[in-house]
Amino acid sequence: GRLNTISTDMDNTISGRIIAVMEEQSGISKNGSSWRQREYVIETDGQYPKKCAFKVKGENIEKFGIKQGETITAHLDIDAHDWQGKWFNDVTTWKIDRL
């Protein structure tokens with residue numbers, strides 16, 4: 001598997017096996033709307049496997065139905081945000097393909 005370089009005009013994907021499914025999180029945003037998300041960890045195959053944590057948000061949690069142990073390609077939207085002077089990457093999956 002390979003993780004593409006980040007580009008705004010290219011589809012960023014990673015293919016591999018789901019090795020962790022975290023508990024769903026939910027809350028209320030600053031503007032008062034409710035949100036929910038679940039985080040997953042995918043691991044590529046090959047001599048030097050890479051791991052990538054990504055989030056699935058809202059109704060896509062049920063729509064995708066990602067299970068531990070399955071092999072998928074995740075299409076990623078990568079964006080960074082600032083929190084208390086530190087920057088964090090937010091990696092969200094908007095589409096998956098089952099292999």
Side-chain angles (χ1 to χ4, degrees):
R2 81 175 213 262
L3 184 59
N4 291 336
T5 55
I6 298 171
S7 170
T8 56
D9 62 353
M10 178 186 296
D11 187 14
N12 299 293
T13 62
I14 186 169
S15 298
R17 189 171 59 87
I18 300 296
I19 60 168
V21 177
M22 313 313 279
E23 290 295 316
E24 186 175 311
Q25 298 174 305
S26 60
I28 305 294
S29 67
K30 288 180 197 172
N31 67 10
S33 58
S34 62
W35 60 270
R36 59 193 188 93
Q37 66 184 24
R38 176 168 270 172
E39 195 167 43
Y40 303 83
V41 179
I42 192 169
E43 183 178 50
T44 63
D45 54 7
Q47 186 175 0
Y48 303 104
K50 302 283 185 215
K51 295 176 189 72
C52 178
F54 65 87
K55 296 173 188 167
V56 174
K57 297 181 178 180
E59 62 192 24
N60 282 344
I61 297 169
E62 289 78 27
K63 181 180 168 187
F64 297 163
I66 299 170
K67 305 269 189 278
Q68 185 153 339
E70 74 175 322
T71 301
I72 66 167
T73 294
H75 298 256
L76 307 176
D77 179 37
I78 303 169
D79 195 18
H81 62 275
D82 172 42
W83 187 71
Q84 296 183 348
K86 293 187 180 181
W87 285 88
F88 298 90
N89 283 321
D90 188 30
V91 180
T92 305
T93 299
W94 54 273
K95 176 184 168 188
I96 67 162
D97 300 316
R98 289 195 157 78
L99 304 178

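Keep in mind that this is a model prediction, so the values were computed, not measured.
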Please step through salt bridge (Lys or Arg N to Asp or Glu O under 4.0 Å) for the pair E70 and R17, ending with a clear verdict.
CA-CA 6 Å; E70 74 175 322; R17 189 171 59 87; over 6 Å; no

Any carboxylate oxygen within less than 4.0 angstrom of a Lys/Arg side-chain nitrogen, looking at [X] and [Y]?
X: K55; Y: D90; answer: yes
X: K57; Y: E24; answer: no
X: K50; Y: E43; answer: no

What's the separation between atom [atom1] in [X] and atom [atom2] in [Y], rounded to the nearest 0.5 Å?
X: Q84; Y: D82; atom1: CD; atom2: CG; result: 9.0 Å
X: C52; Y: I78; atom1: SG; atom2: CD1; result: 7.0 Å
X: K51; Y: I42; atom1: NZ; atom2: CD1; result: 12.0 Å
X: E39; Y: E23; atom1: CD; atom2: CD; result: 12.5 Å
X: K95; Y: F64; atom1: NZ; atom2: CZ; result: 9.5 Å
X: I14; Y: L76; atom1: CD1; atom2: CG; result: 7.0 Å

Which of these, D97, N12, T93, sits in a side-chain hydrogen bond (donor to acceptor under 3.5 Å, both in side chains) with H75?
D97

Whether over 12 other heavy atoms sit under 6.0 Å from E59 CD
no

Please walk me through it: do V56 and T92 pass side-chain contact (heavy atoms from CB on, under 4.5 Å)?
CA-CA 6 Å; V56 174; T92 305; over 6 Å; no

Please find the pair of heavy atoms, one from [X] and one from [Y], that lie closest to each other, and give the distance.
X: R38; Y: V21; answer: CD-CG1, 3.8 Å
X: R36; Y: S26; answer: CB-CB, 3.8 Å
X: T44; Y: P49; answer: O-CB, 3.2 Å

Are the side chain of N60 and the backbone N or O of K63 linked by a donor-acceptor pair below 3.5 Å?
no

Cut-off 3.5 Å, side chains only: do N89 and H81 have a donor facing an acceptor?
no

Are side-chain heavy atoms of Q25 and W35 found at a separation under 4.5 Å?
yes

Tell me whether I66 shares a hydrophobic cluster with V91, the cluster being built from Ile, Leu, Val, Met, Phe, Trp, Tyr side chains joined at under 4.5 Å.
yes

Is F54 reachable from W94 through a run of I, L, V, M, F, W or Y residues, each pair having side-chain heavy atoms under 4.5 Å apart?
no

